[in-house]
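Because the structure is a prediction, the values reported are computed rather than measured. The first residue of the sequence shown is numbered 1, and numbering continues consecutively from there.
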Amino acid sequence: MDKTDRAILAHLMEDGRLANTELADLVGLSPSPCLRRVRQLESSGVITGYHAAVDPAAVGRGFHVLLHVEMGLQDRATIEAFEAAVAEIDEVVHCQRMFGHPDYLLWIAVPDLQSYERVYMTKLTGLPGVARTNSQFAMKTIKSAPGLPVPA
């Protein structure tokens, strides 16, 4: 990946709806080579998709919870069952298996505290292998940057 590819990535992360002609002008290429580079970045898996940034509150998901999960059992079957169950819960918008403690971090998006309690009691407490959970709510979002920093 060279300087031009990095520039293409930086501009597309800022605005994924840029027309190819605009993108080409911004990175100093003609449209055809620019489009070839974008297609190569897509086919090689560097660009994994294009998404609209949506205001969570506008779609009824403005209350976010970070749930720390510690497992009581660490065997393969339990871990696979837990992960499969989490994948089916719509309110869980992001889940990561961690090294160390906690075993998992789950980001949950719901309309409000009452909705979180309902999801917690009906879906999260019954997940396979869970020993302990700890819920955290954010007071304020200070920074939420789209994309990743790409060195020039």
Side-chain angles (χ1 to χ4, degrees), residues 1 5-20 22-23 26-27 34-152:
M1 188 174 337
D5 289 334
R6 286 180 173 82
I8 288 170
L9 290 174
H11 287 293
L12 286 176
M13 283 189 291
E14 187 176 310
D15 182 0
R17 295 185 66 174
L18 276 174
N20 184 58
E22 292 176 84
L23 180 59
L26 290 168
V27 299
C34 183
L35 185 58
R36 276 195 299 276
R37 282 178 177 256
V38 170
R39 296 292 183 242
Q40 177 57 39
L41 290 166
E42 292 168 347
S43 67
S44 67
V46 175
I47 296 175
T48 59
Y50 298 90
H51 311 280
V54 176
D55 175 10
V59 294
R61 297 290 179 106
F63 189 76
H64 295 175
V65 179
L66 175 59
L67 182 67
H68 296 228
V69 175
E70 293 183 26
M71 302 296 285
L73 299 170
Q74 298 281 334
D75 62 276
R76 182 179 181 150
T78 302
I79 288 171
E80 288 175 353
F82 173 85
E83 291 178 3
V86 165
E88 296 299 318
I89 301 172
D90 289 338
E91 294 86 356
V92 176
V93 295
H94 193 77
C95 176
Q96 292 182 313
R97 185 185 327 157
M98 307 299 290
F99 284 105
H101 292 286
D103 296 307
Y104 290 91
L105 292 175
L106 280 66
W107 282 261
I108 299 154
V110 291
D112 51 35
L113 179 60
Q114 294 76 21
S115 298
Y116 175 65
E117 181 183 10
R118 181 185 47 74
V119 169
Y120 182 82
M121 295 304 292
T122 62
K123 298 179 181 181
L124 300 172
T125 58
L127 290 170
V130 173
R132 280 175 296 291
T133 62
N134 181 28
S135 301
Q136 295 181 311
F137 315 134
M139 231 188 286
K140 177 182 177 182
T141 300
I142 307 305
K143 180 179 181 180
S144 180
L148 300 167
V150 179

Please walk me through it: do Ile8 and Leu23 pass side chain to side chain contact (heavy atoms under 4.5 Å, CB included)? CA-CA 7 Å; Ile8 288 170; Leu23 180 59; 4.0 Å; yes
pair [X]-[Y]: side-chain heavy atoms closer than 4.5 Å:
X	Y	answer
Gln40	Arg36	no
His68	Thr133	no
Ser135	Tyr116	yes
Gln96	His94	yes
Leu124	Val119	yes
Trp107	Leu67	no

Nearest 0.5 Å, what's the [atom1]-[atom2] distance between [X] and [Y]?
X	Y	atom1	atom2	answer
Leu12	Arg17	CG	CZ	13.0 Å
Lys140	Ile142	NZ	CD1	4.5 Å
His64	Phe137	NE2	CZ	12.5 Å
Met13	Leu18	CE	CG	12.5 Å
Leu106	Leu127	CG	CG	7.5 Å
Gln136	Asn134	CD	CG	5.5 Å

At their closest point, which heavy atom of [X] faces which heavy atom of [Y], and how far apart are they?
X	Y	value
Pro102	Leu105	CG-CD2, 3.6 Å
Val27	Cys34	CG2-SG, 4.3 Å
Pro111	Gly60	CG-O, 3.2 Å
Ile47	Val38	CD1-O, 4.3 Å
Val93	Asp90	CG1-O, 4.3 Å

Check whether [X] reaches the backbone of [Y] with its side chain - one donor and one acceptor, N or O, closer than 3.5 Å.
X	Y	answer
Thr48	Gly45	no
Arg61	Pro56	no
His101	Met98	no

Step through the shown structure and confirm whether more than 12 heavy atoms of other residues, nucleotides or ligands are within 6.0 Å of CD on Glu80.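 More than 12 heavy atoms, drawn from other residues, nucleotides or ligands, come within 6.0 Å of this atom.
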Does atom CD of Glu70 have more than 12 heavy-atom neighbours from other groups under 6.0 Å away?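 More than 12 within 6.0 Å, yes.
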Give the intermediate values and the outcome of side chain to side chain contact (heavy atoms under 4.5 Å, CB included) for residues Ile108 and Val110. CA-CA 7 Å; Ile108 299 154; Val110 291; 4.0 Å; yes
Apply side chain to side chain contact (heavy atoms under 4.5 Å, CB included) to the pair Glu22 and Asp15, showing each step before the final yes or no. CA-CA 11 Å; Glu22 292 176 84; Asp15 182 0; over 6 Å; no
Side chain to side chain contact (heavy atoms under 4.5 Å, CB included) between Leu73 and Met71, intermediate numbers included: CA-CA 5 Å; Leu73 299 170; Met71 302 296 285; 6.0 Å; no
For side chain to side chain donor-acceptor pair (under 3.5 Å), just list the numbers for Glu83 and Tyr104, CA-CA rounded to whole Å, side-chain angles, deciding distance to a tenth of an Å, and then say yes or no. CA-CA 10 Å; Glu83 291 178 3; Tyr104 290 91; 2.6 Å; yes
Does a side chain donor of either Glu91 or Tyr120 reach within less than 3.5 Å of an acceptor in the other side chain?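 Note: Glu91 and Tyr120 side chains miss the donor-acceptor criterion.
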Check whether the side chains of Gln74 and Asp103 place a donor and an acceptor atom closer than 3.5 Å, and report yes or no.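 Short answer, yes.
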